[in-house]
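Here's the structure, in structure tokens; my notes come after.
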Amino acid sequence: MARYFFIVQFLFAFFLGCQPDKTTEMEKDSKAKRKATIKDVESGIRDNIAQRVKDGNGFFHFQNDSLDLSLKLVRVHTEYLSVLGKNEFFACVDLATESGDVYDVDFFLEGTADSMVVTRESIHKLNGKPYYTWEQNKDKTWKTVPVEQASSQLLGVIEGRDRFKFSYEVMLPEIQKQARIWIPIARSDRFQEVELIGIQSPGDYEIKQEDEFGNKIFFLELGPKHSGNKILIEYKADRKEKAAYEDTESDPGQYLLAS
């Protein structure tokens with residue numbers, strides 16, 4: 001009986017060994033059918049750059065009518081990845097020259113999760129200065145707009161008034177003895193109205209006011225028990241965005257030396 005059981009085991013093992021790897025085939029089929037993710041697009045970009053660097057003796061070479069650059073990868077901005085159309089994608093990448101100039105290069109890709117191909121690269125910015133900007137269509141896809149034709153909104157320039165909330169956060173380091181912390185409190189002026197809406201503190205604090213200019217300061221006595229705690233100060237602001245203006249309140253003479 002044991003002999004027959006051994007033969008059955010052997011045949012079963014042989015049968016399994018002769019079968020194709022169904023799990024691998026299923027994974028490939030699943031990857032081909034699913035939608036491409038941010039990770040897939042990033043992998044397509046990194047694979048392209050790695051091959052170009054290998055072919056370019058350690059550099060990513062970029063050429064157009066006016067540029068001939070040898071670049072090194074700094075960062076892939078996956079947070080700015082966008083869908084341009086069906087199986088068409090975009091992400092921007094920071095690449096730098098040996099001299100320190102940073103080029104923001106837009107990568108355009110086509111493909112699916114298992115096959116991503118870079119179809120075009122375009123210089124978007126040089127050291128933060130854009131040559132064009134992006135505008136979203138009604139169908140949520142994107143198109144480029146030359147800077148000369150872009151609106152202030154597209155360029156990120158806010159006109160008129162701007163309302164927003166902002167916070168100031170401090171993580172306290174390890175404190176071995178007694179310590180003190182002073183944090184300036186934002187204040188209103190003729191260009192903005194600032195409202196303090198909340199303070200989170202690991203201990204009892206004071207709001208002090210200095211005499212000469214009336215500035216307010218958050219003040220807290222600290223000890224070892226406060227180590228690793230957080231101080232959070234939150235504001236609401238209503239700001240008047242402004243262009244150049246004439247300052248009628250100051251005397252320019254106070255900054256000039258008498259001859």
Side-chain angles (χ1 to χ4, degrees), residues 74-75 77-80 92 94 96 99-104 124-136 147-148 150-259:
V74 177
R75 181 185 178 193
H77 289 276
T78 53
E79 70 273 23
Y80 298 138
C92 61
D94 285 345
S99 62
D101 286 324
V102 178
Y103 288 86
D104 183 318
H124 183 192
K125 299 177 183 177
L126 169 56
N127 296 328
K129 297 179 180 179
Y131 296 109
Y132 57 84
T133 187
W134 286 93
E135 183 176 27
Q136 191 172 32
V147 168
E148 297 79 8
S151 65
S152 295
Q153 184 178 5
L154 277 182
L155 293 173
V157 178
I158 300 174
E159 299 175 325
R161 304 189 75 87
D162 187 19
R163 297 177 178 85
F164 56 91
K165 291 181 179 179
F166 69 98
S167 60
Y168 185 92
E169 183 175 311
V170 177
M171 295 298 297
L172 297 174
E174 182 181 356
I175 302 170
Q176 298 180 351
K177 298 180 180 180
Q178 297 301 308
R180 296 174 179 176
I181 186 170
W182 292 265
I183 302 175
I185 297 295
R187 57 180 292 182
S188 299
D189 57 28
R190 59 181 171 142
F191 297 113
Q192 62 182 3
E193 296 175 9
V194 178
E195 178 185 350
L196 178 63
I197 57 177
I199 296 178
Q200 295 179 28
S201 171
D204 295 331
Y205 62 88
E206 296 180 64
I207 299 296
K208 295 181 175 291
Q209 184 168 337
E210 56 93 19
D211 296 330
E212 184 176 359
F213 298 103
N215 293 315
K216 294 183 178 180
I217 300 171
F218 169 98
F219 174 75
L220 178 62
E221 297 271 5
L222 299 171
K225 67 178 181 179
H226 298 116
S227 298
N229 282 298
K230 178 174 69 175
I231 299 172
L232 178 65
I233 305 176
E234 297 179 291
Y235 302 93
K236 184 166 60 176
D238 186 341
R239 185 164 64 190
K240 177 183 177 183
E241 299 298 331
K242 57 186 184 298
Y245 66 95
E246 183 179 357
D247 185 1
T248 59
E249 298 181 2
S250 300
D251 177 15
Q254 66 179 315
Y255 303 110
L256 302 176
L257 294 174
S259 57

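All of these numbers come straight from a predicted model, not from anything done at the bench.
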_Can you give me the closest heavy-atom contact between Ser167 and Leu232, atom names plus distance?_
CB-CD1, 3.8 Å
*Is a salt bridge present between Asp94 and Arg75, judged by a nitrogen-to-oxygen distance below 4.0 Å?*
no
*asked:* Can you tell me if Glu193 has over 12 outside heavy atoms packed within less than 6.0 Å of its CD?
replied: no
*From Arg180 CZ over to Glu221 CD, what is the distance, rounded to the nearest 0.5 angstrom?*
4.5 Å
*Approximate separation, where rounding is to 0.5 Å, of Lys129 NZ and His124 NE2*: 14.5 Å
*Report the residues that fulfil salt bridge (Lys or Arg N to Asp or Glu O under 4.0 Å) with Glu234, sequence neighbours left out, ordered by chain and then residue number.*
none
_Within the 4.5 Å heavy-atom criterion, are Pro202 and Lys225 side-chain neighbours or not?_
no
*Does Glu79 CD have over 12 foreign heavy atoms under 6.0 Å away?*
yes
*Given side chains that start at C-beta, do those of Ser201 and Phe218 come closer than 4.5 Å, heavy atoms only?*
yes
*So do the side chains of Tyr235 and Ile197 get within less than 4.5 Å of each other, counting heavy atoms only?*
no
*Drop me the distance from Asp104's CG to Lys125's NZ, to the nearest 0.5 angstrom.*
5.5 Å
*Go through Ile231 and Ile183 one step at a time and tell me if the side chain to side chain contact (heavy atoms under 4.5 Å, CB included) criterion holds.*
CA-CA 10 Å; Ile231 299 172; Ile183 302 175; 4.1 Å; yes
*Could you state the interatomic distance from CD (Glu174) to CD (Gln176), rounded to the nearest 0.5 Å?*
5.0 Å
*asked:* Less than 4.5 Å apart, side chain to side chain, heavy atoms only: is that true for Leu172 and Val170?
replied: yes
_Polar side-chain atom of Gln192 near backbone of Val194 as donor-acceptor pair, under 3.5 Å_ = no
_Glu169/Lys230 under side chain to side chain contact (heavy atoms under 4.5 Å, CB included): CA gap, chis, key distance, verdict_ = CA-CA 7 Å; Glu169 183 175 311; Lys230 178 174 69 175; 3.4 Å; yes
*Please report the shortest heavy-atom distance between Lys177 and Pro224, naming the atom on each side.*
O-CD, 3.7 Å
*Plane angle bin for Phe164 and Phe166 - parallel if under 30°, tilted between 30 and 60°, otherwise perpendicular*: tilted
*Hey, does Ile217 have a side-chain heavy atom less than 4.5 Å from the side chain of Ile207?*
no
*Are the side chains of Leu126 and Tyr131 in touch, meaning some heavy atoms are under 4.5 Å apart?*
yes
*Does any N or O in the side chain of Asn127 come within less than 3.5 Å of the main-chain N or O of Val102, such that one atom is a donor and the other an acceptor?*
yes
*Quick one: salt bridge (Lys or Arg N to Asp or Glu O under 4.0 Å) pairs with a partner in residues 197-209, sequence neighbours left out?*
Glu206-Lys208
_Beyond-backbone contact of Ile233 with Leu196, side-chain heavy atoms, under 4.5 angstrom_ = yes
*Name the one of Arg163, Lys236, Lys165 that satisfies salt bridge (charged side-chain N to carboxylate O under 4.0 Å, His left out) with Glu195?*
Lys236
*Quick check: does any side chain N or O of Ser227 sit under 3.5 Å from a backbone N or O of Ile175, one acting as donor and the other as acceptor?*
yes
*asked:* Any non-hydrogen side-chain atom of Ile199 less than 4.5 Å from a side-chain atom of Tyr205?
replied: yes
